[in-house]
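In this text, all values refer to a predicted model and were calculated from it rather than measured experimentally. We name chains A, B, ... by the order of the sequence lines, and we start the count at 1 in each one.
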Number of protein chains: 2
Amino acid sequence: MAYASGAAIGQAVASITPAKARIVSAAAGLFAEHGVGGTSLQMIADAIGVTKAAVYHQYKSKDEIVVAVARAELARVETVLDAAAASGPEQARAALLTGMVDLAIERRRMESTLTGDPVLNRAFSVDEHFRQVMDRLYRGLVGQDSTAEARMAAAMLTAAIGGAVMHPLAQDLNDDVLRSQLVRLGRRFLELPD
Amino acid sequence: MAYASGAAIGQAVASITPAKARIVSAAAGLFAEHGVGGTSLQMIADAIGVTKAAVYHQYKSKDEIVVAVARAELARVETVLDAAAASGPEQARAALLTGMVDLAIERRRMESTLTGDPVLNRAFSVDEHFRQVMDRLYRGLVGQDSTAEARMAAAMLTAAIGGAVMHPLAQDLNDDVLRSQLVRLGRRFLELPD
DNA sequence: GTCTATACGCGGATAGAC
DNA sequence: GTCTATCCGCGTATAGAC
């Protein structure tokens with residue numbers, strides 16, 4: 001399959017009908033569990049109790065569903081960025097850290113797919129809007145300077161958060177413990193005071 | 001597909017014939033690029049220039065190939081652990097850190113699949129031998145205590161290293177810069193002296 | 001160890017009725 | 001919006017010759 005040009009990811013969120021929303025929601029969960037490649041339209045259809053044809057009536061291809069899921073997830077990151085920006089320049093970094101931690105915990109299962117799935121990643125990596133959002137995120141975390149060290153710190157921090165929530169070692173920790181530890185330890189990457 | 005019980009992953013490394021080694025090597029590369037679900041036996045066969053049937057002669061199912069790949073990768077982690085242990089208790093943590101960094105850089109492209117692929121992850125997470133190796137790894141990194149914080153620190157550090165090497169922000173850094181930054185920031189995270 | 005040939009089901013995708 | 005029915009290709013897997 002060709003998997004859509006990432007350009008579509010960044011488009012304005014089209015009017016989402018309830019039927020489409022159900023599909024995107026179900027698809028997101030299945031992608032998280034089986035990966036994009038391991039999720040069939042039949043599985044998505046079954047999950048919401050309709051036939052494949054009904055799914056196809058909403059989205060012309062699996063590709064479009066992938067894009068819709070990616071777009072929805074990206075929107076959540078933007079929400080965090082906006083909220084952090086609104087909290088003022090002083091607390092922006094800390095707010096960004098806690099916001100990203102919350103987001104990662106919320107979608108715990110999903111996280112690995114979002115950051116690791118080859119299909120999703122390829123779609124994302126060529127998408128301009130996605131890059132802009134990520135750029136905002138990294139700048140918010142490490143500041144304006146684009147030294148190798150600053151970039152690596154941001155890379156490691158986001159990878160650490162995303163990877164830790166679904167890590168086997170963290171499986172038996174409840175969300176609250178997980179959150180507090182992630183925020184606390186995450187500060188070490190940013191060299192923020194405890 | 002049923003995907004093998006993880007138990008098989010931990011079995012002693014069977015005598016690996018050259019034919020099997022070629023398959024495992026090709027499969028590992030393809031898994032990294034397309035994910036496990038996105039990789040067909042036809043792709044593996046094509047990659048090494050034989051037919052599907054020839055592949056099936058070596059491994060009775062795709063499942064077995066997945067297990068073999070996982071086992072091979074786990075063995076590399078064990079090698080790092082053994083080397084670190086041999087370096088003496090004083091330098092063990094630092095040696096472990098640099099060893100894991102080297103390993104991650106070596107398989108840069110591969111890393112996301114290893115840590116993120118749902119199929120691989122599920123096979124791993126129920127595998128006893130895998131857990132033992134990971135236990136050794138995180139004990140080596142954060143010490144004997146099994147507090148939530150220690151476990152989270154180990155999870156975050158391994159995720160950070162694995163995730164950072166394939167991170168968009170690190171894409172334009174050469175291996176040497178990447179290595180030194182990872183070790184430096186990793187040490188800071190572990191609160192080891194510079 | 002590798003091949004050709006083949007079975008069988010599932011995946012994505014479409015047509016047309018309700 | 002959803003259905004039934006159908007198409008086609010590819011995926012896994014097996015049999016048997018060389």
Side-chain angles (χ1 to χ4, degrees), chain A residues 1-5 8 14-70 113 117-120 122-123, chain B residues 1-5 8 14-70 113 117-120 122-123:
Chain A
M1 195 187 311
Y3 287 115
S5 72
S15 55
I16 303 270
T17 64
K20 285 192 174 186
R22 278 196 300 273
I23 291 172
V24 169
S25 170
L30 289 165
F31 288 171
E33 202 175 337
H34 307 283
V36 176
T39 301
S40 70
L41 291 178
Q42 186 65 65
M43 292 162 79
I44 297 172
D46 288 350
I48 56 182
V50 296
T51 62
K52 274 197 293 182
V55 175
Y56 269 104
H57 185 258
Q58 304 298 333
Y59 290 102
K60 287 196 294 287
S61 67
K62 180 177 177 179
D63 208 288
E64 282 192 9
I65 298 175
V66 172
V67 169
V69 170
T113 296
D117 190 282
V119 176
L120 237 47
R122 211 157 312 161
Chain B
M1 194 186 312
Y3 286 117
S5 72
S15 54
I16 303 271
T17 64
K20 285 193 175 186
R22 279 197 299 272
I23 291 172
V24 169
S25 170
L30 289 164
F31 288 170
E33 201 174 338
H34 306 283
V36 175
T39 301
S40 69
L41 291 179
Q42 185 66 66
M43 293 161 81
I44 296 172
D46 287 349
I48 55 181
V50 297
T51 62
K52 278 192 290 182
V55 175
Y56 269 103
H57 184 256
Q58 305 298 334
Y59 291 101
K60 288 197 294 288
S61 68
K62 180 177 177 179
D63 207 287
E64 283 192 10
I65 298 175
V66 172
V67 169
V69 170
T113 295
D117 190 281
V119 177
L120 239 46
R122 208 159 315 159

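Listed candidates were D:dG1, C:dC3, D:dA13. Nearest to the side chain of A:Gln58 is D:dG1. Distances were taken from every side-chain heavy atom of B:Lys62 (C-beta onward) to each of C:dT2, D:dT2, D:dA13; the shortest belongs to D:dA13.
We find that NZ of A:Lys20 is positioned 12 Å from P of D:dT2, with the value rounded to whole Å. Nucleotide C:dG11 holds its P atom 14 Å from the CD1 atom of A:Ile65, rounded to whole Å. One interatomic measurement links the two molecules: NZ of B:Lys60 to P of D:dA13, which rounds to 11 Å at whole-angstrom precision. Between A:Tyr56 atom OH and C:dT14 atom C1' there is a gap of 9 Å when expressed in whole angstrom units. When the P atom of D:dG16 is taken as reference, atom NE2 of B:His57 falls 15 Å away, rounded to whole Å. Put simply, CD on A:Glu64 is 10 Å from P on C:dA13, counting in whole angstrom units. Across the protein-nucleic acid pair, B:His34 atom NE2 and D:dC10 atom P stand 15 Å apart, rounded to whole Å. Atom CD1 in A:Ile23 sits roughly 8 Å away from atom P in D:dT2 (whole-Å rounding).
When every heavy atom of A:Gly38 is checked against every heavy atom of A:Met43, the shortest pair comes out as O-SD, 3.5 Å. The two residues B:Ala68 and B:Tyr59 have their closest heavy-atom pair at CB-OH, 3.7 Å.
Under the side chain to side chain contact (heavy atoms under 4.5 Å, CB included) criterion, B:Ala53 pairs with B:Thr51, not counting sequence neighbours. Qualifying side chain to side chain donor-acceptor pair (under 3.5 Å) partners for A:Gln42, counting only residues two or more places apart in sequence or in other chains: A:Asp46.
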Distance-only check: which donor-acceptor pairs under 3.5 Å involve side-chain atoms of residues 21-34 of chain B, not counting sequence neighbours?
none

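Of the side-chain N and O atoms in A:Ser61, none sit less than 4.0 angstrom from OP1 or OP2 of C:dG12.
Within residues 40-53 of chain B, the residues that have a heavy atom under 4.0 Å from DNA chain D are, in order of number, B:Ser40, B:Leu41, B:Gln42, B:Lys52, B:Ala53.
One finds the CD atom of A:Gln58 at 12.5 Å from the CD1 atom of A:Ile44 (value rounded to the nearest 0.5 Å).
Put simply, the side chain of A:Val55 reaches to within 4.5 Å of the side chain of A:Ile65, judged on heavy atoms.
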